[in-house]
Engineer: 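Next up is a structure, given as structure tokens.
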Amino acid sequence: MRVKYVILDVDTGIDDALAIAYAVQSPELRLLGITTCYGNVSVEEATRNTLQVLDILEAEEIPVVPGADKPFAREHVNEAGRRIHGQNGLGNTSLPSPRRTARSQQAAEFIVSTVREYPNRVTLITVGSQTNLALAIQKDPAIVDLVERVVIMGGAVTVPGNVTPYAEANIYADPEAASLVFQSGIPITLVGLDVTMQTLLTRTHVQDWRALNTPFSRFLADICDYYIDAYHQFDPSLGGCALHDPLAVGVVIDPSFVKCVPMHVRVDLEGEVSKGRTVQVHQAEPNMEVCLEVDVERFVSHFLQRVCKSDCKADQVAVR
């Protein structure tokens, strides 16, 4: 199987950390670099968190490139994600200072130069706002025809939002950037709340990690205990936390984890209630593939095996 060249764009909170681990430990992917953005935390904190996660994974050869510190066309940065991910973005877990520094290059420049170095081979996995990618497209519009695919964790096309009744957090963080990306002509797979809310990590999985008793498994258990506690405050019936960002990585590793439908989706840019809503436009040419079904048991089992060599069986996976 051909190895897929990947850039992972993150705002490293807890599920970003899980996605990084999943990508690093999947031989199907060659992780060319990780770009960071504001979102769950500031871009400086997201960069630090990313370096710390790579340190504990012993993956220090992967470049980390900081990006946008504010939205594409707005000044306000909403850091409400700290309620879910902790004040430091990693469940307030203490980690040693990073052993290296990030690159001085900007994320948009890195995206453009890497896509041009590997034309039609790079898949971008964006699991935060679309700001870095929008800036890259603005800098070099030709990259929309040079990217193999963009897999976006974002949106809620057929289900309610998670920051407003209509909007998902990553799209809400920078609706103008998402709108530019959606309308750019770049090939998109949208992995939104339509599927990610079905993929749950449970207390049993976290206990399995803690029982492995390695530095990395303890780190995973600590941050995910925090994450599940945060989810419980908002939805006690859920029984775990959603694997939002890891599913976007999983779709690149094995597209058969999901079933997609071609759609034309636009982003609402106005109104306090509707801002950031992802809306299907009927009778318009499709501009993306939208994931609407997910093989929960197979994906979660694969994620658990890869991320920490867990022995959790498929029949222990929670399905919602």
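Source: prediction; values computed, not measured.
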Engineer: So does N88 get a backbone contact from the side chain of N49, meaning a donor-acceptor N/O pair under 3.5 Å?
Structural biologist: yes
Engineer: Would you give the length of the straight line joining atom OH of Y166 to atom NZ of K275, rounded to the nearest 0.5 angstrom?
Structural biologist: 15.5 Å
Engineer: Checking T123 side chain against V6 main chain: does a donor-acceptor pair fall under 3.5 Å?
Structural biologist: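 No, the answer is negative, given that no donor and acceptor are paired below the 3.5 Å cut-off.
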Engineer: By the ring-ring contact (aromatic ring centres under 6.0 Å, His included) test, which pairs, at least two apart or in different chains, include something from residues 95-145?
Structural biologist: Y5-Y118
Engineer: W209 and C224: which non-hydrogen atoms are nearest, and at how many Å?
Structural biologist: CZ3-SG, 3.7 Å
Engineer: Under 4.0 Å between a side-chain nitrogen and a carboxylate oxygen: does that hold for D174 and K70?
Structural biologist: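 So D174 does not pair with K70 through a salt bridge.
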Engineer: Please answer whether the main-chain N or O of V307 pairs with a side-chain N or O of Q25 as donor and acceptor at a distance below 3.5 Å.
Structural biologist: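 Yes, because the side chain of Q25 sits within donor-acceptor range (under 3.5 Å) of the backbone of V307.
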Engineer: Just to verify, which of L193, V279, L190, V261 counts as forming a side chain to side chain contact (heavy atoms under 4.5 Å, CB included) with V157?
Structural biologist: L190
Engineer: Say you draw a straight line from CD of E293 to CD of Q198; how long is it, rounded to the nearest 0.5 Å?
Structural biologist: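 Answer rounded to 0.5 Å: 8.5 Å.
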Engineer: If I take atom CG from residue D9 and atom OG1 from residue T35, how far apart are they, to the nearest 0.5 angstrom?
Structural biologist: 3.5 Å
Engineer: For the pair N120 (side chain) and D145 (backbone), establish whether a donor and an acceptor sit closer than 3.5 Å, ignoring hydrogens and angles.
Structural biologist: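 Judged by distance alone, yes, a pair lies under 3.5 Å.
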Engineer: Atom OG of S237 and atom OH of Y231: how far apart are they, to the nearest 0.5 Å?
Structural biologist: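 S237 atom OG to Y231 atom OH measures 12.5 Å (nearest 0.5 Å).
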Engineer: Using 0.5 Å steps for rounding, measure from the CD1 atom of I171 to the CE atom of M153.
Structural biologist: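 Taking CD1 in I171 and CE in M153, the distance rounds to 8.0 Å.
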Engineer: Going only through I, L, V, M, F, W and Y residues with side-chain contacts under 4.5 Å, is there a path from F299 to V251?
Structural biologist: yes
Engineer: Keeping Q52 on the side-chain end and P96 on the backbone end, is there a donor-acceptor pair under 3.5 Å?
Structural biologist: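 At least one qualifying donor-acceptor pair exists.
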Engineer: Indicate if V252 and V147 have the same hydrophobic cluster label, given that clusters are the connected sets of ILVMFWY residues with side-chain heavy-atom separations under 4.5 angstrom.
Structural biologist: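 No, no single cluster joins them.
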Engineer: In Å and rounded to the nearest 0.5 Å, what is the CZ to CZ distance from R30 to R121?
Structural biologist: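 One finds 8.0 Å between CZ of R30 and CZ of R121.
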Engineer: Going only through I, L, V, M, F, W and Y residues with side-chain contacts under 4.5 Å, is there a path from I137 to I152?
Structural biologist: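 Yes; tracing contacts between hydrophobic side chains, which count when under 4.5 Å, links both residues.
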Engineer: Suppose we screen for salt bridge (charged side-chain N to carboxylate O under 4.0 Å, His left out). Which residues come up paired with D295, at least two apart in sequence or across chains?
Structural biologist: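 Expected list: R298.
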Engineer: Which heavy-atom pair separates C241 from I228 by the least distance, and what is that distance?
Structural biologist: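 Taking every non-hydrogen atom into account, SG-CG1, 3.6 Å.
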Engineer: Given the rule that I, L, V, M, F, W and Y join up when any side-chain heavy atoms are under 4.5 Å apart, are I188 and I125 in one cluster?
Structural biologist: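 Result: no, two separate clusters.
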Engineer: Please identify each residue that fulfils salt bridge (charged side-chain N to carboxylate O under 4.0 Å, His left out) with R48, with sequence neighbours left out.
Structural biologist: none
Engineer: Which residue is it: L243, D245, V249? I am looking for the one with a side chain to side chain contact (heavy atoms under 4.5 Å, CB included) to L18.
Structural biologist: L243
Engineer: Say whether, by atom type as modelled, one donor and one acceptor occur between the side chain of S179 and the main chain of E176 under 3.5 angstrom.
Structural biologist: no
Engineer: Output yes when a side-chain donor or acceptor of D11 lies under 3.5 Å from a complementary backbone atom of N40, and no otherwise.
Structural biologist: yes
Engineer: Hey, which of D69, T126, T131 is the one that makes side chain to side chain contact (heavy atoms under 4.5 Å, CB included) with C37?
Structural biologist: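 When D69, T126, T131 are each tested with C37, the side chain to side chain contact (heavy atoms under 4.5 Å, CB included) holds only for T131.
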Engineer: Between D268 and R266, is there a salt bridge with N-O shorter than 4.0 Å?
Structural biologist: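 Between D268 and R266 there is a salt bridge, with a charged N closer than 4.0 Å to a carboxylate O.
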Engineer: Do NZ/NE/NH1/NH2 and the carboxylate oxygens of R306 and E28 come within less than 4.0 Å?
Structural biologist: yes
Engineer: Taking R100 first and then E60, would you say they form a salt bridge - that is, a charged N and a carboxylate O separated by under 4.0 Å?
Structural biologist: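 Answer for the salt bridge query: no.
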Engineer: Sort out for me which residue in D15, N170, T196, D16 forms a side chain to side chain donor-acceptor pair (under 3.5 Å) with H244.
Structural biologist: T196
Engineer: Please name the pair of heavy atoms, one in L135 and one in A68, separated by the smallest distance, quoted to 0.1 Å.
Structural biologist: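 So the two residues come closest at CD1-CB, 4.1 Å.
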Engineer: Is there a continuous path of hydrophobic side-chain contacts, each under 4.5 Å between heavy atoms, that joins L29 to F257?
Structural biologist: yes
